[in-house]
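Because the structure is a prediction, the values reported are computed rather than measured. The sequence lines fix the lettering, A, B, ..., with proteins before strands; numbering per chain opens at 1.
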2 protein chains.
Amino acid sequence: MPTMICDTYGATEAVPWLPSPFQGSFMARGRGGYTHAMVVRLKDIAAELGVSVVTVSRALRNRPDIAEETKAKILERVKRLNYRPNLTARSLVTGRSSLIGLVVPDLIHPFFAEIAKGLSAKLREKEYYLIVSSSESDAQLEQDEIEHMLAHHLDCFVVASCQKDPESLRRIGEAGVPLVLIDRSFPRFACNFVGVDDYKVGELATEHLIAQGCKRIAHLRGPATNVGNHRAEGFCNTLRRHGMALPDGYIVACGEAADSDGERRGRRAMEEILALKPRPDGIFCFNDTVAMGAMDRAFEAGVRIPRGMAIVGCGNFHYSSKLQVPLSSVDQRSREIGERTAKMVMTLLGKPPSARPRNVVLAPELMVRASSRMN
Amino acid sequence: MPTMICDTYGATEAVPWLPSPFQGSFMARGRGGYTHAMVVRLKDIAAELGVSVVTVSRALRNRPDIAEETKAKILERVKRLNYRPNLTARSLVTGRSSLIGLVVPDLIHPFFAEIAKGLSAKLREKEYYLIVSSSESDAQLEQDEIEHMLAHHLDCFVVASCQKDPESLRRIGEAGVPLVLIDRSFPRFACNFVGVDDYKVGELATEHLIAQGCKRIAHLRGPATNVGNHRAEGFCNTLRRHGMALPDGYIVACGEAADSDGERRGRRAMEEILALKPRPDGIFCFNDTVAMGAMDRAFEAGVRIPRGMAIVGCGNFHYSSKLQVPLSSVDQRSREIGERTAKMVMTLLGKPPSARPRNVVLAPELMVRASSRMN
DNA sequence: GCAGGTTACGTTAGCGTTTACGAAGATTGC
DNA sequence: GCAATCTTCGTAAACGCTAACGTAACCTGC
């Protein structure tokens with residue numbers, strides 16, 4: 001009975017829509033829906049106290065031009081009646097919604113989940129909220145999502161884009177909404193950006209493998225985006241700087257290598273690697289999922305890790321340290337990306353949209369584990 | 001240089017706020033902010049075509065009382081001018097925001113991340129959006145978040161609550177907003193609910209351990225919430241049904257056992273287990289994180305898994321299958337919870353808030369892996 | 001005692017959209 | 001051919017809030 005569904009579970013007693021503590025002095029919100037709940041408005045409080053709506057509004061927003069005494073009286077009533085300002089209405093007149101849009105390729109991916117968490121935590125302090133959308137690494141879907149979210153008049157967009165071409169992202173700017181790209185940037189598209197230096201990622205991993213004594217280092221590379229390209233460039237240049245060879249077939253493309261697919265692609269890539277002669281003794285993988293698949297396949301072929309082949313991944317996913325052979329990995333500083341993004345968003349909200357784009361580029365950090373530790 | 005931050009990265013060419021395709025026929029949005037972008041309104045389209053605002057609105061909402069010819073003309077212009085309805089304004093008058101609030105204890109936790117993803121995917125189809133908040137398993141924070149989110153006039157709340165007492169959740173209902181609890185319910189609080197049958201979770205895991213030949217089964221139990229209690233009850237009753245003993249010390253409490261903490265608590269719990277005589281030969285753990293910590297500690301003590309001790313976790317986290325000894329785990333059907341929740345939310349939106357609460361209870365599914373497979 | 005300032009409010013006019021209602025013109029029925 | 005309907009549109013009012021301005025009342029200072 002794998003999908004049994006029942007409809008009686010737990011206690012079924014009273015409905016949670018209890019009668020309100022205040023006695024129905026305010027009636028339902030007219031036309032909109034069926035809402036029979038009592039929603040307190042500025043008008044209600046004003047009427048009760050015999051002051052004007054604006055005065056109540058002033059008290060709530062802590063404006064200077066109101067007597068302390070009146071303010072106290074109003075705030076007391078506000079609290080007692082459990083008044084909540086209608087942010088929708090406020091938004092309509094102020095032009096700010098206190099909502100930030102976050103679009104990422106995959107919400108489950110620990111990297112993006114962590115960013116979302118960091119971002120959300122920081123924004124909360126300023127009473128901003130996050131509208132999230134997972135684009136499933138689908139460029140068209142991402143585009144549609146952004147288009148729809150624009151209608152909600154968000155104050156800022158944060159996007160880890162999977163577009164090939166940033167053209168559709170311009171529309172965000174055209175709508176007058178600030179945009180922060182995270183993790184992924186575009187070659188000829190100047191834009192606020194928070195992420196890690198991916199060139200350094202490649203450099204760091206490769207330097208490490210060289211330091212561990214690897215002589216023939218291969219790279220399972222990612223897609224032809226900025227991220228994939230920069231990591232590959234870092235890899236190549238580091239080899240060159242050390243005067244090391246980069247034979248044909250030492251760079252295997254794994255494509256998108258999204259979470260679900262990465263392992264399979266890693267396995268296939270490793271098969272190509274295993275067929276090489278001489279066989280590489282160090283592998284820098286585009287991400288940890290690819291690395292996991294590659295490692296699995298190497299095990300099956302009887303390769304011992306790290307002695308027979310050292311492996312370094314990328315992303316420092318949560319489970320990487322818990323694998324059979326804990327995986328060395330370049331950390332992407334996701335938490336900090338989230339927090340720094342929040343900070344950037346907050347400053348952006350105060351600036352006119354024409355301001356010069358800002359970049360925050362974090363240095364990656366290598367976590368050395370058993371999969372590449374030689375001593 | 002662990003935190004190097006630079007400010008020059010990638011190309012810096014043009015600002016993304018390009019001049020709009022339409023020639024400034026509509027000016028900036030007045031008072032609100034500094035937005036110099038041109039936002040097209042109903043009024044603008046109406047003026048261009050010499051019709052009234054309402055007519056344009058009718059065309060956009062596909063109302064019947066409009067001539068096909070006029071509609072076509074309007075829609076063409078709408079498309080050409082790249083008009084987007086202002087959902088904030090619409091929301092103010094209709095009383096619906098097309099926004100759903102999701103509050104979970106931890107966004108990074110794969111279980112909740114998956115729910116968020118499933119929910120978001122289904123809601124997207126109906127052009128609803130998700131406002132998320134991570135409560136960090138802090139009851140007070142959760143309460144504050146909900147309170148703030150209420151001000152945004154969301155259409156529905158989806159909450160995996162970490163309250164001890166559901167009292168604060170009533171306020172959602174009082175505000176006239178539907179509420180769906182997920183994963184966690186409350187004893188005397190009737191409310192819409194989507195989740196897994198936690199009693200069955202305990203039953204399933206315990207039955208399995210018994211079937212594998214375990215004679216002395218212990219439980220590392222979770223918090224004293226519905227979830228923790230139901231799993232423990234399922235565990236106890238199954239043992240009883242099979243006439244098996246449950247000696248003192250065979251149930252060890254691990255408390256909240258949130259993601260970061262769970263491993264540590266698992267380790268500590270396992271220490272208590274290891275001290276028991278006779279030592280248990282099967283452990284049902286509250287969740288996979290606890291199981292991981294427990295397993296680690298057991299390894300250190302030289303226990304062989306599953307022969308010396310079989311272990312079953314709960315949650316079927318992504319990494320559980322990739323551990324040194326792949327962990328058996330009761331799957332929580334997170335993806336389906338997300339999708340079913342979306343479905344419930346959608347039906348709730350059409351109903352008056354007084355409707356009788358509905359329960360969707362999914363059957364858990366056991367994933368048997370090496371940590372408990374005896375044959 | 002009065003110009004000039006300050007303090008503490010109220011009045012008015014929106015924000016961009018939808019709903020309710022009304023009215024002109026076209027169409028129908030007999 | 002005229003009342004009754006249907007079709008297609010417009011006008012007015014509202015949703016809950018805030019910005020801008022106005023205006024009493026009260027303070028100064030000399």
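Residues satisfying the side chain to side chain contact (heavy atoms under 4.5 Å, CB included) test with A:His152, not counting sequence neighbours, are A:Leu154, B:Leu87, B:Ser98, B:Leu99, B:Tyr129. Not counting sequence neighbours, the partners of B:Glu142 by the side chain to side chain contact (heavy atoms under 4.5 Å, CB included) test are B:Val103, B:Ser135, B:Ile146, B:Val159, B:Ser161, B:Cys162, B:Gln163, B:Leu169. The ring-ring contact (aromatic ring centres under 6.0 Å, His included) check on A:Tyr128 picks up nothing, with sequence neighbours excluded. Listed by chain and number, the residues in a side-chain hydrogen bond (donor to acceptor under 3.5 Å, both in side chains) with B:Thr341 amount to none (sequence neighbours excluded). Evaluation of the side chain to side chain contact (heavy atoms under 4.5 Å, CB included) rule for B:Asp65 yields B:Arg58, B:Arg63 as partners, not counting sequence neighbours. In terms of the side chain to side chain contact (heavy atoms under 4.5 Å, CB included) criterion, residue partners of B:Leu60 (sequence neighbours excluded) are, by chain and number, B:Leu42, B:Val56, B:Leu75, B:Val78, B:Tyr83. A:Lys71 meets the salt bridge (charged side-chain N to carboxylate O under 4.0 Å, His left out) test with A:Glu68; sequence neighbours excluded.
The side chain of A:Arg63 contributes no N or O atom lying less than 4.0 Å from OP1 or OP2 of C:dC9. Within the structure, every side-chain polar atom (N or O) of B:Arg41 is placed at least 4.0 Å from both OP1 and OP2 of C:dC15. Proximity of A:Tyr83 to the phosphate of D:dG16: no side-chain N or O atom is located under 4.0 Å from OP1 or OP2. In this model, the phosphate group of C:dT17 is not approached by any side-chain N or O of B:Ser57 to a distance below 4.0 Å at OP1 or OP2.
The rotation axes computed at either terminus of the helix from C:dG5-D:dC26 to C:dC30-D:dG1 lie 50° apart, taking five pairs at each end and rounding to 10 degrees.
For A:Asn86, taking side-chain heavy atoms from C-beta onward, the closest of the listed nucleotides D:dG16, C:dT18, C:dG16 is D:dG16.
Between the C1' atom of C:dT18 and the CG atom of B:Leu42 lies a distance of 9 Å, rounded to the nearest Å.
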For nucleotides 7-10 of chain D, print each protein N/O atom paired with a nucleotide N/O atom at under 3.5 Å, atom names and distance only.
from   : atom 1 : to      : atom 2 : distance (Å)
D:dC9  : OP1    : B:Thr70 : OG1    : 2.9
D:dC9  : OP2    : B:Ala67 : N      : 2.7
D:dC9  : OP2    : B:Thr70 : OG1    : 2.9
D:dG10 : OP1    : B:Ser52 : N      : 3.1
D:dG10 : OP2    : B:Ser52 : N      : 3.0
D:dG10 : OP2    : B:Ser52 : OG     : 2.7
D:dG10 : OP2    : B:Thr55 : OG1    : 2.1
D:dG10 : N7     : B:Arg58 : NH2    : 2.8
D:dG10 : O6     : B:Arg58 : NH1    : 3.3
D:dG10 : O6     : B:Arg58 : NH2    : 3.4

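In this structure a side-chain-to-backbone donor-acceptor pair under 3.5 Å is present from A:Ser134 to A:Leu107.
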